[in-house]
2 protein chains.
Amino acid sequence: MDLRQLRYFIAVAEERSFTLAARRLNLSQPPLSQHIQALEAELGTSLLYRTSRKVELTQAGEAMLLRGRAILQQVKSAEDEVRSIGAGLIGTLDLGATGSILRGRLAELLAAYRDVAPLVRMTVHEQAPALQIAALLNRTTNISLMRGIPRERDLTSKLAWREEVVLAVPRTHHLAKRKRVALGELASEDHVILDPNSSDFARYVQTCCVDAGFLPKVSQQVVDAQSIPSLIAAGFGVALVPQSIARFTTADIAFRPIRPSPPAADVFLVFREDETSMVVHNFIKLAGQLLSHRSRLGARRRD
Amino acid sequence: MDLRQLRYFIAVAEERSFTLAARRLNLSQPPLSQHIQALEAELGTSLLYRTSRKVELTQAGEAMLLRGRAILQQVKSAEDEVRSIGAGLIGTLDLGATGSILRGRLAELLAAYRDVAPLVRMTVHEQAPALQIAALLNRTTNISLMRGIPRERDLTSKLAWREEVVLAVPRTHHLAKRKRVALGELASEDHVILDPNSSDFARYVQTCCVDAGFLPKVSQQVVDAQSIPSLIAAGFGVALVPQSIARFTTADIAFRPIRPSPPAADVFLVFREDETSMVVHNFIKLAGQLLSHRSRLGARRRD
DNA sequence: ACGATTGATAGGGTTTCGCTATGGATCTTC
DNA sequence: GAAGATCCATAGCGAAACCCTATCAATCGT
C-alpha cells in the first residue's frame with residue numbers, strides 16, 4: 001500500500017467521482033482508475049461500487065476512507081513534528097551554570113531564547129565547574145556557562161558575554177573612597193577568594209595578581225561565590241569578583257573598577273563538539289547575536 | 001512522503017547501518033542512501049548522523065522512528081480491517097423474520113453462520129411480513145426470511161429450506177386417527193386461519209384449498225401463528241400450518257400429513273438486489289450450502 | 001433515439017527506480 | 001605506521017513505473 005494510492009482513493013471517495021477527483025488531484029482520469037484498481041487488488045476487495053453513472057462506497061470502502069484519513073493525518077502530524085525538531089523549535093535544552101552566572105546575566109539570555117523557541121523545555125542545572133564538565137561529557141547537559149575554557153578535547157567554547165572583574169570592599173575600607181584601583185595596590189590587602197581547585201575563575205584571578213607582581217594574601221577561602229559579599233561586609237578583607245555580583249549586594253559593600261587593565265571575567269558557552277541538536281545550535285547562535293548586538297550598542301554609546 | 005521511504009528509514013534506524021538495512025530490505029545500499037537523502041531533503045532536516053564508521057539518530061530521527069512505526073502499524077491495521085470487511089468476516093447483519101420462522105429452523109442457520117463468521121454482529125428483528133419488506137427497502141434489514149416471494153422490483157429471493165404444510169387437529173377429532181389426510185377432506189371442517197391481509201402464507205394456503213375444490217370455512221382468524229395451537233386445542237376446528245409449528249406444541253393436538261400433493265410451506269431468503277455487503281452474500285451462500293447438504297442427506301435417506 | 005457523460009482500456013513518452021562500479025574516509029591489523 | 005577492510009556517498013545505465021492522449025462501452029437525459 002502506498003500513501004499516494006490512499007490520497008487518490010480518498011479523493012475519489014469524497015468526490016464520489018473519478019473524473020472530479022482526477023481534476024482535484026491535477027491528474028487525468030485513467031491513471032486514477034488504475035491506481036484504485038491496484039489498491040483494490042492488493043486488498044483483495046472492492047472499495048467502490050461503480051456503475052457508469054455513479055460511484056458509491058462499499059462497506060470496506062467506508063472503513064478504508066476513515067482509516068485512510070486517520071493515516072494521512074498522522075503522517076502530516078509526524079512530518080510537522082519532525083520538521084519542528086529539525087528546526088530546533090521543539091525539544092529539550094539542559095543548561096549547566098554556576099550560581100554566580102545563574103543569578104547573573106543568564107536570565108536575559110534565557111528570556112530571549114524563550115521568545116524564539118517557546119516550545120523548547122529548558123532546564124537549568126546549578127553545578128560546580130567540575131561537575132559541569134562531567135555533565136557535558138555524559139550528555140546530562142547540552143551547554144554549560146563557565147568562566148573559562150576547559151581543555152577537554154570533545155568540548156568547544158564560545159564567548160557568551162564580557163564582564164570585568166571589580167574590587168569588592170567594605171564601605172568603611174580606605175579603598176572604598178577611590179574612584180578606581182590598580183591591581184598592584186591590592187598586594188598588601190587580605191583577600192577572600194574562591195577555592196582555586198574548583199574554580200577556573202579563581203585560578204585566573206590568581207594569575208592576574210601574579211602578573212601584577214604579588215601573590216594575594218588569603219584571609220578566607222570559600223567554595224560558593226555567593227558567600228563572598230557577606231564575608232567582605234564582615235571585614236575579612238577585599239575580593240576580586242565578577243561585576244555581575246554587584247547587582248545583588250549593595251549594603252555595606254562598595255565595588256570599584258580596576259584600572260588600568262581590568263581582568264576579564266568573561267563567560268563562555270561550553271558544549272560538545274559533536275552536538276547535533278538544533279535546539280542547542282540555535283541557542284548558541286542566539287547568544288552570539290545577542291553579544292554582537294550588545295557590543296554594537298556599546299560602540300554607539302562610546303561615540 | 002512515502003511509505004516506502006518510511007520503511008527504508010526505519011530499517012536503517014533499527015540496524016544503525018545502511019549496509020545491513022539494505023540487506024534486510026533486499027536492496028542494494030546506494031538506492032537506500034538516496035531514499036534517505038530524499039526523505040531528509042523533504043523534511044528539511046537530517047534524521048541520521050553519519051560518520052563513515054557508524055550511524056546514529058538525530059533527535060528528529062528519533063521522533064521520525066517512533067512516529068513512523070506508529071504509522072506503519074496503523075497502515076497494517078487498516079489493511080487488515082478492510083480485508084476482513086471485504087471478505088465478510090467483520091460487519092453487521094440485520095435479519096428480519098416472522099415469529100413462526102424465528103422460532104423454527106432459523107436457529108441452526110444462525111449457528112452455522114456464527115461458526116464461519118464469529119465477528120459479525122447479527123441482529124434478528126421479529127417483524128410482520130409487510131414490515132419485513134419495508135425494512136428491506138429502507139435498509140433497516142439486510143435479509144428477511146419469509147414464506148413467499150415478494151414481487152418488489154428491487155428484491156430478490158432464494159430458497160432457504162423446504163417445509164410441508166401439515167394439518168393440526170385436536171387429538172379427539174376424527175381426523176386425528178388417520179395416517180394421512182387429503183386436502184379435499186377438509187372442505188366441511190371449521191378452519192382457524194391467519195389473516196390473509198398480512199400473511200403470504202395464509203393466502204397461499206387459501207389458494208391451495210380453492211385448487212382442491214373448496215373455500216375453507218373460517219371459524220377463527222388470527223394475526224399471530226403462535227395463537228393457532230391453543231385455538232385448535234380449544235376445539236375451534238382444524239388448521240393448515242407449517243410443519244415446524246409441531247415442534248413446540250404437543251399436548252392435545254395431533255399433526256397429520258396432507259397426502260397426496262402436500263402444499264409447500266417453503267421459507268425464502270429475501271434481500272435487496274443491489275446488496276453489496278459480503279457479510280450478506282456469505283450468509284446467503286451458506287444458506288444455499290446448508291440446503292443442498294440437507295437435500296443430499298435426504299436423498300441418501302430415500303435410498 | 002441520439003448526444004453527453006462516466007469509468008475502463010490501449011499505447012507511447014517521460015520520470016523514477018534500483019543496480020553495478022567507484023570514490024573518499026575511517027578503523028583495524030600486522 | 002602502512003596496508004587492508006569497511007562504510008556511506010556518487011555516477012552512469014538499463015528496467016520498471018508512471019502519467020498522458022486517444023478511444024471504447026455503458027448509461028443517463030433530452
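As a basis for the values below, the full set of heavy atoms in this structure was taken, side chains included, without hydrogen atoms, waters or symmetry mates. Residue numbering restarts at 1 for every chain, and letters A, B, ... go by the order of the sequence lines.
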Expressed as a whole number of angstroms, how long is the span from Leu32(B):CG to dT10(D):P?
14 Å
Nucleotides 15-21 of chain D: protein proximity per nucleotide (B base, S sugar-phosphate only, - neither; heavy atom, under 4.0 Å):
---SSBB
Glu56(B) CD to dC8(D) P: how many Å, rounded?
12 Å
Can you tell me the distance, in whole Å, between the CZ atom of Phe18(B) and the P atom of dT10(D)?
11 Å
Which pair of heavy atoms, one from Val280(A) and one from Leu93(A), lies closest together, and at what distance?
CG2-CD1, 3.9 Å
On the nucleotide dG7(C), are OP1 or OP2 found under 4.0 Å from the side-chain N or O atoms that Thr19(A) carries?
yes
Would a 4.5 Å heavy-atom cut-off, applied to side chains only, mark Ile71(B) and Arg69(B) as touching?
no
Salt bridge check: are Lys76(B) and Glu81(B) linked by an N-O gap of less than 4.0 Å?
no
In whole Å, what is the span from the CZ atom of Arg23(A) to the P atom of dG7(C)?
10 Å
Start with the C-alpha gap between Arg67(A) and Ser77(B), add the side-chain angles, then the distance that decides, and say whether side chain to side chain donor-acceptor pair (under 3.5 Å) holds.
CA-CA 9 Å; Arg67(A) 304 294 295 256; Ser77(B) 147; 2.3 Å; yes
State, with a plain yes or no, whether a side-chain heavy atom of Met122(B) is found less than 4.5 Å away from one of Thr92(B).
no
Quick one: side chains of residues 29-45 of chain A, donor-acceptor pairs under 3.5 Å with protein atoms, not counting sequence neighbours, listed by atom name and distance.
| unit_1 | atom_1 | unit_2 | atom_2 | d |
| --- | --- | --- | --- | --- |
| Gln29(A) | NE2 | Ser33(A) | OG | 3.0 |
| Glu40(A) | OE1 | Arg50(A) | NH1 | 3.4 |
| Glu40(A) | OE1 | Arg50(A) | NH2 | 3.1 |
| Glu40(A) | OE2 | Leu47(A) | N | 2.8 |
| Glu40(A) | OE2 | Leu48(A) | N | 3.2 |
| Glu40(A) | OE2 | Arg50(A) | NH1 | 3.0 |
| Glu42(A) | OE1 | Met1(A) | N | 3.3 |
| Glu42(A) | OE2 | Met1(A) | N | 2.6 |

Glu15(A) atom CD is separated from dT5(C) atom C1', nearest whole Å, by 16 Å
Establish, with yes or no, whether the OP1 or OP2 oxygen of dT6(C) is under 4.0 angstrom from a side-chain nitrogen or oxygen of Arg50(A).
no
Between dG7(C) and Ser33(A), is there an OP1 or OP2 to side-chain N/O distance shorter than 4.0 Å?
no
For the pair Glu14(A) and Arg24(A), find out whether any cationic side-chain nitrogen is under 4.0 Å from an anionic carboxylate oxygen.
yes
Atom CD of Gln5(B) to atom P of dT16(C): distance rounded to whole Å?
12 Å
Nearest-Å distance, CG (Leu48(B)) to P (dC7(D))?
16 Å
Please report, rounded to the nearest Å, how far the C1' atom of dC8(D) is from the CZ atom of Phe9(B).
16 Å
